[in-house]
Each structure stands twice: as C-alpha cells, then as structure tokens.
Amino acid sequence: MQHIDPYSDDFFKKAAEDYPLKTGAGEWENVAKKLGALEAANKTVNKRNYKNISRRFVLAGALLLIPFAIAVTKYIYINTGFDNVANAGIKNKQVESLSANTVKVLSDARSNGMINNTVFANIQKSIFYKSDVEKNQEGYGELSSPNEIEKQNNLNSLITQKNFGNKTTNLFLKRSDKVSATKTENTNGGHKSFTATTENKYKGFYIGGAIAPELTSVKLQPARKSFDIGLLLGYNLNKKLSIELGFMLAQKYYYTNGKYVVPNSIGPQDSKILTLNAFNSVTEMPLTVQYNLHNENNSRLFVSAGAVSYIVHKENYSYVYSKDGEEKLGRTLYNKASQNWFSNVQISAGYERSFNKICNIRVEPYCRVPLKGIGISDVPVTSVGVNLALIKTIK
Amino acid sequence: MHQATTLKFSRIIPAIKHTNHSMRVSLKEIIKGCKSFDHKSQKVLYERYFGYALKIVFRYIYHYEKSVDVTNDGFVKVFMNMEVFRFSNEEDLEKILLSWMKKIMINTAIDDLRKQNMIPEIGALPEDIWEAPDKSREADQMLLYKELMTEVKKLSPAYRVVFNLYVIDGFSHQEIAEKLGISVGASKSNLFKARMHLQKFIKQNSLPASVCNI
C-alpha cells in the first residue's frame, strides 16, 4: 500500500483517473450518424478534387500543346525549306555540268574554226543574261592570236561556270517559290546552313510533365509511399549531354526512430523523441546533368547525376516522446516554409522514346541520397522512385 | 501478450469495461479496421474507450450532457484521423493510442470551451451523474475523489483548464500558453491560484490518511 501526499500532483492525477463518473452514456448511433455524414461529404470533396485535378491536367496539357504547336509549325516550315534548297542544289549541279559541257563544245568549235567569235557570243547570249555575257565578251573581236583566243576562251569558260549557278538556277526554279529562290541566290550559303542545322539537331530546349511514385525512408528504416508531380525543363547541349531542372510537388511520408531527429527541433523542450512519423508537403527541385549512352532519332538511353533542393511548405509530425520518464504522444504542424538547398544527391538512369511523333515518353528510375536533413526535424530522407514523364522538344 | 496488455491497462484505468466481443478482438485488428473505416471496429473502439474519454472531457467541460456530446465529437475526430495514427511497438499500442486519443479529447474540449467563451457552468453538479458508491474499501476514496472533482468545478474555467493541463495531463506552461493563446506568466499565475484554492479545500477537510493510500 502506497501513501500519496494529498497536496501532491499524483493525488490529483489519481483522483482525475478514478473519480466515479457514470460512463454508460455512450451514444454510438450519434457518432455513426456523424461519421456517415462526414464520409459522404469527404467522398463528394474527393470527387470535386478529382474533377479539379482532371481540369488542371487538361489545362497543363493545353499549355504544353502551345509550344508543341509552335515547334511542329517551325519543323514543317524548316523541312519544306530544306527540300527546296536540296532540290535547288541538285538542279544546280545538273546545270553546272550542262554548262561545262556546252562551254566546252562551244570553245572546241570556236578553236576549230567551226564558229567565229560573233556566233559564239550570240549562242552565249541566247543562254545567258545579256549584261553578264557582254561584260565577259568585251574585246573578243580584237583578239587575233590563237593562243590569246584560247586563253580568253578558258577565262570565259571559268567566268561562265562561276556565274552559271546563280543565273541558270533561276531558270529552273518557279518564280513564286521565294524561299527556294532566296536560298539559291546563296547556294553555297544554303548548303552551309543545312549542314549547320544538322549539327544543331540535338541542341535545344525541352519541357515535360512528370509523375513519380516513390518510397521514402530514413536510414533504411521502414519505408513509406510518397508521390511527386511536376514539370521538367531541360536543354540539350549536344548529342551526348543535357542539363535538366525539375519542379516537383511532393507529398513526403517518412518514419524514423528518434535517433535521427535533431534534439529539441520538435516536441516539448528537453524531451526526447522516440519515434516520428512525418508528412511533409514539399517542392523538389532536382538539377541534373544527363549523359546519353545511346541517342538515335527515336530513342535515347541516358544516365544522370545531380543535386536536389527542397522547399518544405508544410510539416506535419506525429511523434512519441519521453519527458520526465513518461512517454507521451505529440503532434506538431508547421506551416512555415523552409529551404534545404542541394540536400540530396540524385543518380538515375532512363530511357526515352518517341511517342507517336508528338512527344517523348520517359521512364527514369532514380535514387536520392541525403547529404543533409530536410525540414525542421532535419531528418535525412532517402528516396527511391521512378520518373514517368512526357517530354516535348522546343527547337 | 494482448491479455497482459489489457490487464495492465485495466489496472491503470478501472473505468474501462471490456465487453466479451471486444475482448476477443485484438486492439491492433480494431485499429486496422478503424483505419479502413469499418463501422464494427469503430463501434468496438468507441465502446471500449468511451468511459476513458468522457472522464477526460468532463474535467474540462463540467456539464455531463455536453461532455457526452464533446466526447462523441472527439471520437469522430479520432476515427476521421485514424489514418495518421502510427505505432511501432505493439506492446505499448494501447498506451500510445490512449495518449493520442487523450490529446484529441482535450483539444476538442478546449475548442468547445472557447466557443462558449470560457463561461463557467452555473449551478451544482447533479447527483445522477455519479456512480453509486459500493461497500468496498475504496468507497471512501471514491467519495473523496468525487468531492475533489466537484471542488475543481468551483474554479473559473481559465484556472481549471490550466490546472487540468498542467497537473493532470502533463503539459508544460509553454505548451499551455500556445494552446490557450495566453502568456506563460498567465499560465503560471492561473495554476498557482488553482492550487491555492484546492489546497485550502484539502486542508479544511483534513483528509484521513486511509483515503490517501493506494
């Protein structure tokens, strides 16, 4: 039998536990009724949320379609231009070879005395523009020596060939085809541009939407399921390298024993956290560099590495703590945002494939290893998940 | 293991009355059922711990019918938030659950008091809310506890809440100040006044040593 001091707190505690209040007045029906009403309301809210999420997805899809439409239009435009330039190039080559043959025949005929200089000039006039030919043919009548004539002929031939591309190509092109005409005027430039575009094929920005189911754990303790959703922005530096930044909204659940919680970060002062369950609402920003192991037209296989920063918006902790030898349950909610820059390292490998020529679909398993803790509790959280993304290239 | 846990807890809180059905179902299964919103499991949990919860709420509200309503509201919160309830150690499951429920009940009671602007209940407590004393050795002790709880009612709600939170439910002054939106100094002052009142009552009634033995 233990005596309790009637002035002590223990006496009041005992009284509060054992006082003889009637406790048979439970009304389960009332509770059941309220629960039923709340569950029904929750279902309605969930349905509304589902509708809202659907609407957001449709809106996000529509927004993604804008750059996609711009990209497609540009792509078609460039493709048409390339066709004309390419055709023009082929035609030029044909004409150049024709001109070479013609000039050769004409020169041979003139040197053999089959035609004189006047006839030669007239034939040239019938083929070429007068102004250019006249410039080239000036002084023909004054040449008397066969050697001088031959030299002049060779010179003419060279000049003709040089100018041939520009002028004769115009004969082969439709007048209305401004794009090809413009390109043809700078035939050599056109080829350069085409080559440069081929080299730039891999360069450019891309944008994407991603979802990522993941498992979060603290130092290999029991894992909890979490979920991320967000946007990806990237730039392809060349065929091999890309740089990417993500903005992912995530709901992070994790469990840890008190060992990894920074003392006095949460819970009452001078208490010791024994176990902690956390639910955090965060924005994750993975900044990664990707290296393509294989990159062909329709697919690419890559590995990536980078750092992940977190902006923690809401932290909801429920924990068991011990204070003055007693174990108690606590719950704390923080609505203040905290930033944890580059707190995790991310490594991943992924496969991306063209999906119906509209966009690319990506599957990217990843692992995030903590460098430091996140949130007020400063717990180091490891995440393993799969990024499922739709990517659209913007040229 | 389960029986041992139940018996241990029954010693701590004798008011809990276990039905045959609820005894057959382990607490872990009940919680699992509650997490999936199974009404049978919810009912078992409610019936098992209603008494425990009502005694907590009554210490704050001091109006029996209202306390029953507030307790029911507290249980609704418990069931709606059961998803976030986590436990690691099955041996201490009941202790953890009760600690969690206690917090919910206290918060619900304080919310209700706030709605009423902490206006004190007028009039004496009716006799029919108390269990009839039996002829056991503990009858005197029960009577003393009843009188003591009746005396606590005489405190103003502001004093009573601080007294309950600090002395009986183990909150710190900092936590009380945050919970009630008062300063730490005000919390300490309220507690001091509440203690003085109750000590005066104990001194006046010069409690016999026998009732202070457990």
Side-chain angles (χ1 to χ4, degrees), chain A residues 1-39 42 221-222 224 253 255-257 267-271 274-279 316 318-320 323-324 326-331, chain B residues 12-15 17 37 39 42-43 46-47 50-52 54-55 58-59 64 68-69 72-73 75-76 79-80 84-89 92 95-96 99-100 102-103 128-131 133 141-146 148-149 163-164 167-168 170-172 174-175 198-199 202 207 209 212-214:
Chain A
M1 191 171 286
Q2 189 190 344
H3 179 75
I4 298 183
D5 176 9
Y7 295 100
S8 72
D9 288 353
D10 287 341
F11 180 68
F12 288 114
K13 273 184 193 171
K14 183 79 182 134
E17 280 171 5
D18 291 351
Y19 71 98
L21 186 72
K22 272 187 184 171
T23 53
E27 299 163 340
W28 167 246
E29 287 71 25
N30 285 350
V31 177
K33 210 180 278 179
K34 282 181 185 174
L35 278 172
L38 277 171
E39 281 168 26
N42 266 5
Q221 293 177 93
R224 300 263 188 266
Y253 295 89
Y255 160 83
T256 179
N257 61 40
Q269 276 295 313
D270 303 323
S271 63
L274 303 175
T275 60
L276 174 86
N277 276 292
F279 162 60
N316 194 344
S318 57
Y319 46 86
V320 179
K323 190 180 176 185
D324 304 327
E326 273 188 78
E327 288 184 16
K328 293 174 186 173
L329 192 85
R331 193 170 174 188
Chain B
I12 301 166
I13 303 164
K17 290 173 182 173
F37 293 95
H39 281 216
Q42 288 173 337
K43 190 180 178 188
Y46 177 81
E47 284 174 350
F50 175 79
Y52 168 73
L54 180 66
K55 281 189 170 187
F58 185 77
R59 283 193 278 116
Y64 193 76
V68 171
D69 287 343
N72 286 345
D73 289 346
F75 268 102
V76 170
F79 294 134
M80 294 308 288
V84 300
F85 176 71
R86 301 269 189 274
F87 59 92
S88 54
N89 189 353
D92 293 333
K95 203 176 169 184
I96 296 168
S99 177
W100 182 64
K102 186 182 191 178
K103 276 209 162 181
D128 60 350
I129 65 167
W130 305 112
E131 275 183 346
Q141 208 169 16
M142 290 297 141
L143 200 63
L144 172 68
Y145 292 160
K146 179 186 149 189
L148 198 62
M149 296 313 289
F163 176 79
N164 268 315
V167 175
I168 296 166
F171 288 86
S172 68
Q174 182 67 42
E175 287 172 307
L198 292 173
Q199 281 172 1
I202 291 166
L207 294 175
C212 300
N213 292 331
I214 53 170

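So you know, we letter chains A, B, ... as the sequences are listed, proteins then strands, and number each from 1.
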Between B:Ile129 and B:Phe58, the two heavy atoms sitting closest are CD1-CZ, 3.5 Å
Interface moiety of B:Val167 toward chain A, non-hydrogen atoms closer than 4.5 Å:
both
What one should report as the nearest heavy-atom pair of A:Asn257 and A:Gln221 is N-OE1, 2.9 Å
Contact class of B:Gln174 relative to chain A, heavy atoms under 4.5 angstrom:
neither
Engaged part of B:Met149 at the chain A interface, taking heavy atoms whose separation is under 4.5 Å:
side chain
Closest approach of B:Asn72 to B:Tyr46 (non-hydrogen atoms, all atoms of both residues)
OD1-OH, 2.6 Å
Nearest atoms (heavy-atom pairs only) where A:Phe12 meets B:Leu148
CD2-CD2, 3.6 Å
Side-chain donor or acceptor of B:Lys43 paired with backbone N/O of A:Trp28 under 3.5 Å:
no
Chain B contact via A:Phe279 - side chain, backbone, both or neither, heavy atoms under 4.5 Å:
neither
Could you walk me through whether B:Asp128 and B:Tyr64 pass side chain to side chain contact (heavy atoms under 4.5 Å, CB included), step by step?
CA-CA 10 Å; B:Asp128 60 350; B:Tyr64 193 76; over 6 Å; no
Structural part of B:Ile168 lying under 4.5 Å from a heavy atom of chain A:
both
Side chain, backbone, both or neither: which part of B:Lys103 has a non-hydrogen atom closer than 4.5 Å to chain A?
side chain
Heavy-atom pair count under 4.5 Å with chain A, highest-scoring of B:Lys146, B:Met142, B:Lys102
B:Met142
